[in-house]
Amino acid sequence: MNFLIGVGAWLVGPAHWQGGDGIPVRVMEHLSMSVAAWAVALCLALPLGLFLGHTGRGGGVAINVANIARAIPSLAVLSLSLPLAFGLGLGLGFWPTVIALVPLGIPPILINTYTAIRSVDKDIVEAARGMGMDGWQVLRQAEVPTGAPVILTGLRTAAVTIVATATLGAIVASGGLGRYLVDGLARQDETRLFVGALLVAILAMLTEGAFAWLGKAVVSPGLQQAGRHDQEPWMMWTG
Amino acid sequence: MALTLGRGDRKGATVTFEHASKYYGASPGPSPAVDDLSLQVEPGEVCVLVGPSGCGKTTSLKMVNRLVEPSSGRVLIDGTDVAAVDAVSLRRSVGYVIQQVGLFPHQTVAENVGTVPKLLGWPRARINARIDELMDLVGLDPDQMRNRYPAQLSGGERQRVGLARAMAAEPPVMLMDEPFAAVDPLVRERLQDELLRIQRQLGTTVLFVTHDINEALKMGTRVAVMEQGGHLAQYSPPAEILARPATEYVARFVGADRALKSLALRTLGQMDLEARRGSAEIQDQSISLGADQTVRDALSALLAAGRAEGPVFGSDGRFLGFFTLDALVKSFVREPESSGNST
């Protein structure tokens, strides 16, 4: 009980809401690293998933490679990304963390995008081609909008995983909410440790919520009524 | 090369298959999908390709809009080899309806119907006007249905939307691949009747694939009976297929009851009626037939009433004569000579 009161007191303490180690700054650092890593993963995996799904070639190979990449512990990737970031003159902290997070984001985006495009009803694709859509129009007007719920699930899973894992960056001197965890451990300050964990969990849940809202805004009502949300391969994979 | 045939003048096109074959795998393999198909569909006709599954009827259909390219031979629309036309612009000028409809689930009925006009770059106002016109044509109330999604429609309504979508840019040729196979029999019959009405109204040339011989006989101006191996067994008007099947295979395919089936192709108005008795006697009859009834329905009515004859009246109520079983039998005796060359 005293511990929870301590956590409450820590959270409302004005000193913890200002300065370089304040909650707003740490949240912003955490978000900027996460968004950067997610955006890089998106730029790599989404076009590849769309291409493989549309052409139907080589998808299995790409997915296996992506899954193997995901099996490498993030901590190992982090230590590997340090010399890389140094070599590129990117310094400590932000960029090594981003580089370590990108491989986490690629598999869910790639697998879900590929699966979403592949599993679009073949009659829809045939009707689209039969009405005189070229390959690009079939992808843009039929395959992507129809597969949107599954693609969005992949984007969401990637984002949530990245937000939760970005705490590791504190080990290589980045900012973000991981600071509270790492510093809390070092100083044996359990309150600080707990606050860090709590904030990361809240941020991850807000990310989840933001994608749920995005899904409602972006996915056609015609698909939401059809109840196609049940096909979520990534969720089955992680399940 | 752009295909500009027929646009605006609402006339059907001529579709010609010239020795068109399709082989899969080793060419020419032992079992072709389509084997040396030659036939011509005249403007405004409904050509029905009918046969068991695997007879190459769908493959033949897809040669017309180049979803399948023939291994040898060619397909012509109004004398132009479709292989010489850009596939994308060809498909925008040929209507295409499939059994599973393939409506875009993320688009409303109106968006689905407007797909091809949008691809063709019509102005917004013209597309909207066309959508309303088409929905009326296929019997969907635009005000009620325009903003619905396919998931909210019944099977029959979806087929209507698919039909409207295929006709949106006034194609001179429509390809229909078992369009009514997935709807229940009552709805199917209604959709068949409406398709025939629309087709006659617009004069569109239709190629229609089915495995159902009854549907083929009802819909077709001419029926192409195909058999395993992609071979065309007979290409004739329905009455001739029934009266004179070209081969043993065709006779078996149309069924042992082909004489009965032919009754559905004729109306009482086309029969010889006996005008032998006075009108006083007509009042006694407990049965009355209409000139626009099919012979099949009339015969059924006679049998149900336990009679061998019944009076026939025109649509204006005028007495035309008696329909008798004797005359029906005689019409079959004369049939081979009289209907052979009719179209």
Side-chain angles (χ1 to χ4, degrees), chain A residues 46 50 53-56 112-113 115-155 212-232, chain B residues 2-3 58 61-62 64-68 85-121 147-153 158 161-162 165-169 171 174-179 182:
Chain A
L46 188 69
L50 292 176
H54 182 70
T55 60
N112 273 45
T113 304
T115 313
I117 301 300
R118 288 309 293 161
S119 58
V120 170
D121 203 333
K122 68 171 176 46
D123 304 316
I124 293 171
V125 177
E126 164 145 340
R129 295 213 311 134
M131 279 188 297
M133 288 190 185
D134 57 35
W136 177 247
Q137 287 165 330
V138 171
L139 181 67
R140 219 174 53 95
Q141 296 182 33
E143 291 174 330
V144 169
T146 315
V150 179
I151 295 173
L152 277 172
T153 303
L155 300 186
W213 175 83
L214 187 70
K216 284 222 167 67
V218 171
V219 175
S220 155
L223 290 173
Q224 297 181 15
Q225 275 146 358
R228 292 197 174 213
H229 280 292
D230 49 348
Q231 36 166 246
E232 296 187 350
Chain B
L3 195 73
T58 293
L61 191 78
K62 286 180 176 176
V64 179
N65 66 356
R66 292 187 59 192
L67 286 173
V68 169
V85 183
D86 171 58
V88 165
S89 64
L90 169 73
R91 289 174 194 151
R92 287 176 190 176
S93 59
V94 174
Y96 188 46
V97 183
I98 57 178
Q99 180 188 333
Q100 303 80 0
V101 198
L103 293 182
F104 298 137
H106 61 286
Q107 291 187 341
T108 61
V109 168
E111 288 167 336
N112 267 289
V113 173
T115 303
V116 177
K118 201 174 150 212
L119 287 171
L120 292 169
N147 297 318
R148 296 221 186 145
Y149 286 94
Q152 297 168 300
L153 305 178
R158 270 179 233 174
V161 176
R165 183 172 72 168
M167 295 191 305
M174 295 258 289
L175 309 176
M176 311 187 77
D177 191 356
E178 306 220 19

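Throughout, protein chains are lettered first and strands after them, A, B, ... in sequence-line order, and every chain is numbered starting at 1.
Residue contact with chain B, scored on non-hydrogen atoms closer than 4.5 Å, involves the backbone and the side chain of A:Q141 alike. Of the two parts of A:A128, the backbone and the side chain both hold a non-hydrogen atom closer than 4.5 Å to a non-hydrogen atom of chain B. With a 4.5 angstrom heavy-atom cutoff, B:V97 does not touch chain A via any of its atoms. Looking at B:L103, only its backbone comes within 4.5 Å of chain A, counting heavy atoms on both sides.
Comparing B:L67, B:T115, B:V116, B:T108 by how many heavy-atom pairs each has under 4.5 Å with chain A, the most go to B:L67.
A 4.5 Å side-chain heavy-atom check between B:L175 and B:I98 finds every atom pair outside the cut-off. Considering only heavy atoms from C-beta on, A:L139 comes within 4.5 Å of A:E143 through its side chain.
A donor-acceptor pair is defined here as one N or O able to donate and one able to accept, closer than 3.5 Å; no such pair exists between the side chain of B:R91 and the backbone of A:M133. Between the B:N112 side chain and the B:Q107 main chain, a donor and an acceptor come within less than 3.5 Å of each other.
Between the side chains of A:T153 and A:N112, no donor-acceptor pair is found at a separation under 3.5 Å.
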